[in-house]
Amino acid sequence: MTKFVILIASLFLAATSASAADCSAYAAAGVDWSGCSKEKLMLGGENLAGANLTGAFLSGTGFEEVNLSQAILDLAEFNRASFKGANLSNASLVKASGSRVDFEGANLTGARLINIDMTRGNFTSAKLISADLAKGEFSRCEFRDADLSGANLRLASLARSSLTGAKLAGANFTDTYLYRTNLAGADLSAVTGLQQDQLDSACGDQETKLPAGLTVSHRWPCEE
């Protein structure tokens, strides 16, 4: 019985030690800042590959050119943070939230942005190749010239966002909410899951390329 109690205590202490975040730790690959408040820091150029930032408060923090590949930012909050030029390849941002976040030129290849709330975000020229944006809230976001090839946008909201110049081949638009989404000049010819009613609620023009069987909406171009 005594040995059993000692074993349970040892396992509990090991689990507690493994899961305890060190909020005072310096920025480094694999650092555990889960649940920590790291707002308004300037971390430009740091290496945070594989870092655990689950539930961290990161609003106003600068992650420009930071290596966050395979990092975990699930449930993190980062209003007005900047990830401009950052490497977020294969990172996890599930249920993260923020407004006016700057991802311009960031690499989000293979990233998981499932159920994220990222209104008014800037994804201009970002790489979102094969990224999973399912059920994400991306209303009023800028995806101009972004690469969304093979991205999963199933059940995501892109209301009043812009996809002008975006690469969309192989992207999944099943049940994507496209109310007044700017599709002017967008090439949608190789996307999957797109339906006519989605196009009818969006805002394209005569230069918008559509998949076979779909037609330009009589409502295009939309009035300002």
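Values in this document were obtained by computation on a predicted structure and should not be read as measured data. Nothing fancy with the numbering, it's 1 onward along the sequence.
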Search all heavy atoms of [X] against all heavy atoms of [Y] and return the closest pair with its distance.
{"X": "D205", "Y": "A184", "result": "OD2-CB, 3.4 Å"}
{"X": "S217", "Y": "L199", "result": "CB-O, 4.0 Å"}
{"X": "V31", "Y": "Y26", "result": "CG2-O, 3.7 Å"}
{"X": "N115", "Y": "K135", "result": "OD1-CB, 3.3 Å"}
{"X": "I116", "Y": "A96", "result": "CG1-O, 3.2 Å"}
{"X": "A151", "Y": "L133", "result": "CB-CD1, 4.3 Å"}

Which residue pairs pass the disulfide bond (SG atoms under 2.5 Å apart) test with at least one member in residues 30-104, sequence neighbours excluded?
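Residue pairs with at least one partner in residues 30-104: C23-C36.
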Would you compute the distance between atom [atom1] of [X] and atom [atom2] of [Y] and round it to the nearest 0.5 angstrom?
{"X": "R219", "Y": "R180", "atom1": "CZ", "atom2": "CZ", "value": "10.5 Å"}
{"X": "Q70", "Y": "N87", "atom1": "CD", "atom2": "CG", "value": "9.5 Å"}
{"X": "R160", "Y": "C141", "atom1": "CZ", "atom2": "SG", "value": "13.5 Å"}
{"X": "L188", "Y": "L214", "atom1": "CG", "atom2": "CG", "value": "9.0 Å"}
{"X": "L183", "Y": "T164", "atom1": "CG", "atom2": "OG1", "value": "8.0 Å"}
{"X": "S59", "Y": "K38", "atom1": "OG", "atom2": "NZ", "value": "14.5 Å"}

Mind checking whether [X] and [Y] sit in one hydrophobic cluster, side chains of I, L, V, M, F, W, Y counted as touching below 4.5 Å?
{"X": "L88", "Y": "L41", "value": "yes"}
{"X": "L153", "Y": "L194", "value": "yes"}
{"X": "Y177", "Y": "F138", "value": "no"}
{"X": "V101", "Y": "V94", "value": "no"}
{"X": "L108", "Y": "L43", "value": "yes"}

Single hit among L148, T208, N182 for side-chain contact (heavy atoms from CB on, under 4.5 Å) with L163:
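Exactly one candidate clears the test, L148.
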Is it true that S82 and E64 share a donor-acceptor pair across their side chains at a distance under 3.5 Å?
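Side-chain D/A pair, E64 to S82: present.
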Between D74 and S92, is there a side-chain donor-acceptor contact under 3.5 Å, judged purely by atom types and distance?
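Their side chains do contain a donor-acceptor pair, which is all the 3.5 Å distance test asks for.
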Using a 4.5 Å cut-off on heavy atoms from C-beta on, say whether the side chain of F173 contacts that of L168.
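Answer yes - side chains close enough.
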Can you say whether the rings of F143 and F123 are parallel (under 30°), tilted (30 to 60°) or perpendicular (over 60°)?
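The arrangement is parallel - the two ring planes meet at less than 30°.
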Just wondering, are more than 12 heavy atoms of other shown residues or ligands nearer than 6.0 Å to NZ in K167?
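Counting other residues, nucleotides and ligands, NZ of K167 stays at 12 neighbours or fewer.
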Look at the side chain of N79 and the backbone N and O of S99, then say whether any donor-acceptor pair between them is shorter than 3.5 Å.
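Pair found, side chain donor or acceptor close to backbone of S99.
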Partner set under ring-ring contact (aromatic ring centres under 6.0 Å, His included) for F63, not counting sequence neighbours:
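With sequence neighbours excluded, F63 shows a ring-ring contact (aromatic ring centres under 6.0 Å, His included) to F83, given in chain and number order.
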